[in-house]
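What follows is one structure encoded as structure tokens, with my remarks underneath.
Any value given below was found using the heavy atoms of this structure, including those in side chains, with hydrogens, waters and symmetry copies removed.
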Amino acid sequence: MFRTRLLSGIVLVAAALGVLLKGGALLAVVLFLVSVIAYQELTAACKVRGEEMTPSAPVIVGGVMTVVYYGAVCLALARDLSTVFSAMVIAIVAAFLAFLFVYVFTFPKYHANQIMSAMFSFLYGPVMLSFLYLLREGLDDGIYLVWFAFLASWGSDTCAYCVGVLIGKHKMTPKLSPKKSIEGAVGGILGAALLFVLYTHFVINQYTAMTLSLPLAAGLGAVGALVSMVGDLAASAVKRDHEIKDYGKLIPGHGGIMDRFDSVIVAAPIVFVGIALATGL
């Protein structure tokens with residue numbers, strides 16, 4: 001099991017590295033496919049399709065609106081970053097209305113909680129993941145900035161694990177994740193802050209046109225780590241609520257897309273907003 005998890009993890013990191021370095025259309029297509037899978041995993045976990053074996057109307061609508069959403073984001077970004085946010089809002093509102101149409105015209109086939117879960121899954125998966133694309137393609141020097149999202153998530157998770165194993169004693173959320181400790185969480189936040197400072201000093205401020213202050217980088221790293229932990233725990237909470245072990249079996253030894261990217265998904269928007277505010281976008 002450990003060997004399988006390690007090998008699949010190496011392949012996953014190598015694939016992510018290659019796609020993010022290449023960027024452009026390849027990144028857009030890969031993120032779109034990952035978003036569709038994440039949406040499918042979330043709606044399956046939340047029982048949106050009920051007992052049906054075939055995709056339900058809310059699931060189909062969510063898939064269609066994911067296509068619309070990514071198309072709107074990519075087309076708007078090709079024009080100007082300032083138009084992207086309007087396109088995102090319009091696409092999200094359109095998705096909400098589409099789910100309402102399904103709810104009304106199929107009533108009472110689907111319950112309100114299924115429609116709300118479908119919208120939640122759309123926001124949690126496709127919308128949040130799209131910020132990785134905005135980080136990479138929407139900002140100058142995005143090829144360097146996008147790695148902040150992974151430092152905030154995977155970097156802080158590694159730091160939290162190491163500190164938790166060494167000195168962790170007090171459980172943070174015993175019912176939700178018994179192995180996570182308060183000491184580990186603090187270590188993850190401080191570790192991410194340090195990683196952000198080091199990356200900013202040796203990479204961002206050396207090889208890009210922008211200059212980030214180190215205190216700002218530390219603060220962004222700490223906030224990004226905290227939010228990524230919440231994302232990780234939130235994804236776990238959904239699994240606990242619906243009594244499932246993993247979201248899927250796509251990644252051997254890791255589970256599904258949501259099992260591996262649960263923290264990155266919520267870290268990316270925070271990092272994007274933080275950098276956008278810091279640079280005056």
Minimum side-chain heavy-atom gap [X]-[Y] below 4.5 Å:
X: Met119; Y: Val61; result: no
X: Phe122; Y: Phe96; result: no
X: Phe32; Y: Pro126; result: no

Shortest non-hydrogen contact between [X] and [Y], atoms and distance:
X: Ala87; Y: Ala72; value: CB-O, 3.9 Å
X: Ser228; Y: Val266; value: CA-CG2, 3.8 Å
X: Phe202; Y: Tyr207; value: O-CE1, 3.4 Å
X: Phe196; Y: Ala152; value: CE1-N, 3.6 Å
X: Leu233; Y: Lys180; value: CD2-CD, 3.7 Å
X: Ala218; Y: Ala193; value: O-CB, 3.5 Å

If hydrophobic clusters are built from ILVMFWY residues whose side chains come within less than 4.5 Å, do [X] and [Y] share one?
X: Leu42; Y: Met65; answer: yes
X: Ile37; Y: Leu132; answer: yes
X: Tyr247; Y: Val230; answer: no
X: Val223; Y: Ile204; answer: yes
X: Met172; Y: Ile167; answer: no

Worksheet item: Is the CG atom of Asn113 crowded by more than 12 outside heavy atoms at less than 6.0 Å?
Response: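 Yes, because the 6.0 Å sphere around CG of Asn113 holds more than 12 heavy atoms from other groups.
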I need the [X] [atom1] to [Y] [atom2] distance, nearest 0.5 Å.
X: Tyr144; Y: Thr200; atom1: OH; atom2: OG1; answer: 14.0 Å
X: Asp232; Y: Ser156; atom1: CG; atom2: OG; answer: 9.0 Å
X: Ser121; Y: Glu41; atom1: OG; atom2: CD; answer: 10.5 Å
X: Leu31; Y: Leu26; atom1: CG; atom2: CG; answer: 9.5 Å
X: Lys171; Y: Thr173; atom1: NZ; atom2: OG1; answer: 10.0 Å
X: Thr66; Y: Leu129; atom1: OG1; atom2: CG; answer: 10.0 Å

Taking the side chain from [X] and the backbone from [Y], do they hold a donor-acceptor pair closer than 3.5 Å?
X: Asp259; Y: Asp246; result: no
X: Thr83; Y: Arg79; result: no
X: Arg136; Y: Leu21; result: yes
X: Tyr124; Y: Tyr39; result: no
X: Asp141; Y: Ala209; result: yes
X: Glu183; Y: His170; result: yes
X: Thr106; Y: Lys109; result: no
X: Asn205; Y: Leu212; result: yes
X: Gln114; Y: Lys47; result: yes
X: Ser181; Y: Gly164; result: no

Practice prompt. From the options Leu195, Leu20, Val203, select the one residue that forms a side-chain contact (heavy atoms from CB on, under 4.5 Å) with Trp147.
Written response: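 Result for side-chain contact (heavy atoms from CB on, under 4.5 Å) with Trp147: Leu20.
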Worksheet entry | Test applied, side-chain contact (heavy atoms from CB on, under 4.5 Å); reference residue, Phe107; option that passes from Tyr110, Phe105, Tyr103 |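 Exactly one option meets the side-chain contact (heavy atoms from CB on, under 4.5 Å) with Phe107, and it is Tyr103.
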Item to complete: Over 60° means perpendicular and under 30° means parallel, so classify the ring planes of Phe85 and Phe272, tilted if in between.
Response: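 Phe272 vs Phe85 ring planes: tilted.
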Fill in: Step-by-step side-chain contact (heavy atoms from CB on, under 4.5 Å) determination, Leu134 to Val73
CA-CA 9 Å; Leu134 293 180; Val73 169; 4.0 Å; yes
Item to complete: Establish, from distance only, whether the side-chain atoms of Ser35 and Tyr70 form a donor-acceptor pair under 3.5 Å.
Response: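 Result is yes, a qualifying pair exists.
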Discussion item. Checking Met210 against Ile275 for the side-chain contact (heavy atoms from CB on, under 4.5 Å) test, could you report, in this order, the C-alpha distance in whole Å, the side-chain angles of both residues, the deciding distance, and whether it holds?
Written reply: CA-CA 10 Å; Met210 66 187 304; Ile275 293 175; 4.3 Å; yes
Practice prompt. Please assess Asp157 against Ser263 for the test side-chain contact (heavy atoms from CB on, under 4.5 Å), listing each intermediate value before the final yes or no.
Written response: CA-CA 9 Å; Asp157 186 56; Ser263 58; 5.7 Å; no
Worksheet item: Do Ile265 and Met258 pass the side-chain contact (heavy atoms from CB on, under 4.5 Å) test, and can you show the C-alpha distance, the side-chain angles, and the key distance before you say yes or no?
Response: CA-CA 9 Å; Ile265 285 174; Met258 287 300 302; 3.5 Å; yes
